[in-house]
Structures are given as C-alpha cells and as structure tokens.
**Student:** 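Please read through the structure below; I'll follow up with questions.
Remember, it's a predicted structure, so these values are computed and weren't measured experimentally.
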Amino acid sequence: MIDVVLLAGRLLFVALLFVFLFAVMRTGIGLVRGQRKKERTWNLSVEKGPKELRGVSIVVRGPVIVGRSPNADIVIGAGYVSARHARFTLMGQNLFVEDLGSTNGTAVNGQLLNGPSALRNNDIVNVGDVAIRVRHS
C-alpha cells in the first residue's frame, strides 16, 4: 500500500514540475516578445552615389562597415574611399557612426566626424560623394 502512495506522490511531483516549467517558459517568451516590440529597427539606405549602390538598403543588426574592401558590408569602389572607411554600430537602441581613420573623413549632415557620433532618424552620412540616409522605425 505504501508503494502505491509513494508512486502516486512521485507522479504528482513530476506533473507539478512540468506545469511549473511550462509556466516559466511561457512567461519568458512573453517577456522577450514584449521587448522586441519596443526595439528600434535601424536601416541604412544609399541615396546618392554610383548607380549600382543607389537604392541599396541594409537593416542594421550588428556592426556595418563601409569601405573599398570586398569584405565591407557596403562596398564603394572608389579611390577616395579607404578600405575600411566608416563603421555603424548599435549600442542599445541607438545607432552610432565612426570614421575608421580614413584619409578623406566621414561626415554627418555636412559635419566631419572627429569621434563616434550618435545618429538620429533621417541623418545623412557622407562617405565621399556617397550619401547614406539613416532611418529607424
């Protein structure tokens, strides 16, 4: 008789454990979904430059490198562009751009950068004669 009671207790304990774990997972998934709704999505759109680049749009999910190097995310094949010219970086929900020591510099809304700069919606980043518009939603 005691064996039946112990078996029933163990089965009840395992069932309660599964119910508890299911509730925790469901709550965790709900929290993650709630955070994503508030998260900004940043886009980079090339508005001015060579024909093959105009209209190119990239969603920023990590660092984005602009340069002449084939390894860059946005490749600009012009002599005035350094191999690794500029980098867009997400920090929290904000997007920053920094010049990577290029010869000709990087400008935001016509102002040359001298360090990392926070970007706002509809800012224009210039790498030579290539204009990249920054948007968030």
**Student:** Tell me the closest heavy-atom pair linking Val64 and Leu44, and the distance in Å.
**Tutor:** CG1-CD1, 3.9 Å

**Student:** Are the side chain of Asn104 and the backbone N or O of Tyr80 linked by a donor-acceptor pair below 3.5 Å?
**Tutor:** yes

**Student:** Between Arg135 and Glu47 (salt bridge meaning N to carboxylate O under 4.0 Å), is one present in this structure?
**Tutor:** yes

**Student:** Is any side-chain heavy atom of Leu119 less than 4.5 Å from a side-chain heavy atom of Phe88?
**Tutor:** yes

**Student:** Mark yes when over 12 heavy atoms from residues, nucleotides or ligands other than Arg120 sit less than 6.0 Å from its CZ; otherwise mark no.
**Tutor:** no

**Student:** Applying a strict under-4.5 Å side-chain criterion to I, L, V, M, F, W and Y, I'd like to know whether Val125 and Val75 cluster together.
**Tutor:** no

**Student:** So if you build clusters from Ile, Leu, Val, Met, Phe, Trp, Tyr with side-chain heavy-atom gaps below 4.5 Å, do Val97 and Val56 land together?
**Tutor:** yes

**Student:** Rounded to the nearest 0.5 Å, what separates atom CG in Leu21 from atom CG in Leu16?
**Tutor:** 11.0 Å

**Student:** Output the distance between atom CG (Leu112) and atom CG (Asn114), rounded to the nearest 0.5 Å.
**Tutor:** 8.5 Å

**Student:** Considering only heavy atoms from C-beta outward, does the side chain of Asn126 approach that of Thr106 to under 4.5 Å?
**Tutor:** no

**Student:** Using modelled atom types only, decide if a donor and an acceptor are shared between the side chain of Ser69 and the backbone of Asn71 within a distance under 3.5 Å.
**Tutor:** yes

**Student:** Check for me, please, whether Val66 and Leu53 land in the same ILVMFWY cluster - side-chain distances under 4.5 Å, paths through other members count.
**Tutor:** yes

**Student:** Counting N and O atoms only, with roles assigned by atom type, does the side chain of Arg133 sit under 3.5 Å from a partner on the main chain of Asn122, one being a donor and the other an acceptor?
**Tutor:** yes

**Student:** As an exercise, state the distance from CG of Asn121 to OG of Ser137, rounded to the nearest 0.5 Å.
**Tutor:** 8.5 Å

**Student:** Does Leu113 offer a backbone N or O that forms a donor-acceptor pair with the side chain of Asp99 under 3.5 Å?
**Tutor:** no

**Student:** Taking a hydrophobic cluster as the set of Ile, Leu, Val, Met, Phe, Trp and Tyr residues connected by side-chain heavy atoms closer than 4.5 Å, whether directly or through intermediates, do Ile124 and Ile132 fall within one such cluster?
**Tutor:** no

**Student:** Is the count of non-hydrogen atoms from other residues, nucleotides or ligands lying under 6.0 Å from Arg68 atom CZ greater than 12?
**Tutor:** yes

**Student:** Do you know the tightest heavy-atom contact between Pro63 and Arg87?
**Tutor:** CB-CD, 4.2 Å

**Student:** What is the minimum heavy-atom distance between Arg54 and Gly49, and which atoms define it?
**Tutor:** NE-O, 2.9 Å

**Student:** For Ala72 and Gly67, which heavy atoms make the closest approach, and how far apart are they?
**Tutor:** CB-N, 3.7 Å

**Student:** So does Gln93 get a backbone contact from the side chain of His136, meaning a donor-acceptor N/O pair under 3.5 Å?
**Tutor:** no

**Student:** If you apply the rule side chain to side chain contact (heavy atoms under 4.5 Å, CB included), what do you find for Thr89 with Leu95, and how did you get there?
**Tutor:** CA-CA 6 Å; Thr89 307; Leu95 183 64; 5.8 Å; no

**Student:** Could you grab the distance from atom OG of Ser102 to atom CZ of Arg84, nearest 0.5 Å is fine?
**Tutor:** 12.0 Å

**Student:** Please lay out, stage by stage, how Leu90 and Trp42 fare under the test side chain to side chain contact (heavy atoms under 4.5 Å, CB included).
**Tutor:** CA-CA 9 Å; Leu90 282 173; Trp42 290 93; 3.5 Å; yes

**Student:** Start with the C-alpha distance between Leu7 and Leu11, add both sets of side-chain angles, then the distance that settles side chain to side chain contact (heavy atoms under 4.5 Å, CB included), and finish with yes or no.
**Tutor:** CA-CA 6 Å; Leu7 178 63; Leu11 291 174; 4.3 Å; yes

**Student:** Using only atom types and a distance under 3.5 Å, with no angle test, would you say the side chain of Asp73 pairs donor to acceptor with the backbone of Ile65?
**Tutor:** yes

